[in-house]
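Chain A is the first sequence line, chain B the second, and so forth, proteins listed ahead of strands; every chain is numbered from 1.
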2 protein chains.
Amino acid sequence: MSARRPVPKAAIFRLSLYLRELERLRAETRETVSSRELGRALNLTDAQVRKDLTYFGQFGHRGVGYRVSELIPQLRHILGTDRKWNVVVLGAGNLGRALSAYRGFRNQGFNIVGLFDNDPAKIGQDVGDLTVESMDALSTTVQARDVQIAIICVPAEAAQTVTDLALRSGIPGIFNFAPVTLEVPGSTVEVSEDLAIRLEQLTFDLSKLLS
Amino acid sequence: MSARRPVPKAAIFRLSLYLRELERLRAETRETVSSRELGRALNLTDAQVRKDLTYFGQFGHRGVGYRVSELIPQLRHILGTDRKWNVVVLGAGNLGRALSAYRGFRNQGFNIVGLFDNDPAKIGQDVGDLTVESMDALSTTVQARDVQIAIICVPAEAAQTVTDLALRSGIPGIFNFAPVTLEVPGSTVEVSEDLAIRLEQLTFDLSKLLS
DNA sequence: TAGATTGTTAATCGATTAACAATC
DNA sequence: TAGATTGTTAATCGATTAACAATC
């Protein structure tokens, strides 16, 4: 393992954008694409595209560009989406139920294998092809179904408790939608998404625009 | 208007985190908070907290810290959440229906005033206190209900078309959940959120952790 | 070959952190 | 007053961009 210079977090994000665009190009049966063209489609410079890719290897062909069908599996491998991930959704409110059924996840190799809630009124309800289970059953399910990711969709007050439960159950990855900063140990991975905050990024610009 | 040094985009995002944390502190009836403490709660340095705030003014009190009930309205004003925003949701699939009913938005001053879809089978359906309307009715609604924001929840293929329709209808702000890079004129504001990509940021780290 | 385009180094730009005088 | 903590400048760090030799 070489002493790897650190890869900017923003570069990882762009890798996903490249992959998304490449899959679009493949659907159009495009065979190659240059860094210039890829950048143009995503509002990035060609230098940025090449730099991001070379953090991980040499994927291009001088004078030619990048072969679409060659680069796609490479990016998938880097991003870890060349395999299946088993996911549980914790919290069966509006958002939890929607994400459980979201095709955007299922298409990308994420299997939603369980939906959990503490509310007795919700337990037993069917949501798509899932049935809401009790949080108490989480630990058993994680072992039985080899779960790697928990999507947290409970209210802010419950998020840390539910996260702790998920981690104790052996789930290493947390995708948090609750509007709270979670404390997780370094041996686990956490990504947070606060949709209201994202909307505030919009209103910040909008306020200036409309004033 | 002074020649304002540019504010990092990341700083705007953190402003929202400060606001969220301050509201939590206020619920606990805390009166003041220091930059050190605020940073600790959010995994940031105290210098970062102070720097971010001073992009917009002098809100603190030397020797004391920041008064919670004083800073909250200041941040709300900066972020544009000291007013109501009227929002329509375009696309009444799983995600669109969930976001239409999402309390996390409603609580923050976002009024969802319409839910639209092109599918005749969906038009007329009730979703919470909304009824799905035809996309054709969008333009009329925007004028009647003074809409500033459209949340795009249609499939990738339809997103640009629906966005163009929203912009033509006079909506200046686009919050896009479709997995596609939109083209919008500079006179409008756009924020994109690809949930599958966010999940890939998690699997990138997770792959390394589990290998 | 000539033209195109990568991979990579060096230069630039921007954001974060450290340090400390101001001051409550 | 002494202790705490801000606001701000300067130093550091990191990320982006420009430039170009390598090469298909």
Side-chain angles (χ1 to χ4, degrees), chain A residues 2-19 21-22 25 30-72 74-75 78 181 201 204, chain B residues 2-19 21-22 25 30-72 74-75 78 181 201 204:
Chain A
S2 61
R4 180 183 295 278
R5 77 231 108 134
V7 180
K9 213 165 154 5
I12 313 294
F13 177 80
R14 287 189 297 265
L15 238 44
S16 286
L17 293 180
Y18 302 149
L19 178 54
E21 181 65 15
L22 287 162
L25 290 168
R30 275 289 302 281
E31 300 202 337
T32 65
V33 65
S34 68
S35 55
R36 185 143 180 280
E37 214 174 347
L38 210 41
R40 191 96 68 84
L42 300 167
N43 303 316
L44 303 168
T45 65
D46 57 331
Q48 176 111 76
V49 173
R50 294 197 301 279
K51 186 113 242 265
D52 285 344
L53 292 171
T54 52
Y55 282 121
F56 299 97
Q58 303 186 169
F59 304 120
H61 303 273
R62 285 166 206 244
V64 177
Y66 300 88
R67 290 196 224 286
V68 174
S69 63
E70 199 177 275
L71 188 50
I72 286 174
Q74 309 258 31
L75 293 184
I78 294 164
T181 300
Q201 306 309 296
F204 173 80
Chain B
S2 61
R4 181 181 294 279
R5 76 230 108 136
V7 180
K9 213 165 155 359
I12 314 293
F13 177 80
R14 287 189 297 264
L15 239 44
S16 286
L17 292 180
Y18 303 149
L19 177 55
E21 181 64 14
L22 286 162
L25 290 168
R30 277 287 304 279
E31 300 202 338
T32 64
V33 65
S34 67
S35 56
R36 187 144 179 279
E37 212 174 349
L38 210 42
R40 191 95 68 87
L42 300 166
N43 303 316
L44 304 168
T45 65
D46 56 330
Q48 176 112 75
V49 173
R50 294 197 300 279
K51 186 115 244 267
D52 285 344
L53 292 171
T54 53
Y55 282 120
F56 299 97
Q58 302 186 168
F59 304 120
H61 304 274
R62 285 166 207 245
V64 177
Y66 300 88
R67 290 196 223 287
V68 173
S69 63
E70 199 177 274
L71 188 50
I72 286 174
Q74 308 258 32
L75 293 185
I78 295 164
T181 300
Q201 305 310 294
F204 172 80

Enter the distance from [X]:[atom1] to [Y]:[atom2] here, rounded to the nearest 0.5 Å.
X        : Y        : atom1 : atom2 : answer
Leu71(B) : Leu22(B) : CG    : CG    : 5.0 Å
Leu75(A) : Leu53(A) : CG    : CG    : 6.5 Å
Leu19(B) : Ile78(B) : CG    : CD1   : 9.5 Å
Gln74(A) : Leu15(A) : CD    : CG    : 11.0 Å

Both Arg50(B) and Arg50(A) contact DNA chain D. Which one's nearest nucleotide lies toward the 5' end?
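Looking at the nearest nucleotide for each, Arg50(B) comes out on the 5' side.
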Given that Ala47(A) and Gly57(B) both sit by DNA chain D, which one's nearest nucleotide is further toward the 5' end?
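Final value for this comparison: Gly57(B).
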Can you list every pair that meets salt bridge (charged side-chain N to carboxylate O under 4.0 Å, His left out) and has a residue in residues 37-49 of chain B, with sequence neighbours left out?
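Checked against salt bridge (charged side-chain N to carboxylate O under 4.0 Å, His left out) - neighbours excluded - the pairs reaching residues 37-49 of chain B are Arg30(B)-Glu37(B), Asp46(B)-Arg50(B).
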Of all pairs that satisfy salt bridge (charged side-chain N to carboxylate O under 4.0 Å, His left out), the ones with a partner from residues 52-62 of chain A, not counting sequence neighbours
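Counting only pairs at least two positions apart or across chains, the salt bridge (charged side-chain N to carboxylate O under 4.0 Å, His left out) contacts touching residues 52-62 of chain A are Arg14(A)-Asp52(A).
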Of all heavy-atom pairs between Lys9(A) and Gln201(B), which one has the smallest distance, and what is that distance?
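Here Lys9(A) and Gln201(B) meet closest at O-OE1, 4.4 Å.
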Which atom of Phe204(A) lies closest to which atom of Phe56(B), heavy atoms considered
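Where Phe204(A) meets Phe56(B) most closely, the heavy atoms are CE1-CE2, 4.0 Å.
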Answer yes or no: is there a side-chain heavy-atom contact under 4.5 Å between Ile12(A) and Tyr55(A)?
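They are not in side-chain contact.
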Identify, residue by residue, the members of residues 32-46 of chain B with a heavy atom below 4.0 Å from DNA chain C, and return them in order of residue number, or none.
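Here the set is Thr45(B).
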Under a 3.5 Å cutoff on both atom distances, Watson-Crick or G-U, what's the dot-bracket for DNA chain C ([ ] crossing, | other strand)?
..||||||||||||||||||||||
Chain A contact limits on DNA chain D, taken 5' to 3' with a cut-off of 4.0 angstrom to heavy atoms:
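Boundary nucleotides touching chain A, in 5' to 3' order, are dA15(D) to dC24(D).
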Taking only residues two or more places apart in sequence, or in another chain, which ones meet Ser34(B) in a side-chain hydrogen bond (donor to acceptor under 3.5 Å, both in side chains)?
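Partners of Ser34(B) by the side-chain hydrogen bond (donor to acceptor under 3.5 Å, both in side chains) criterion come out as none, since no residue qualifies.
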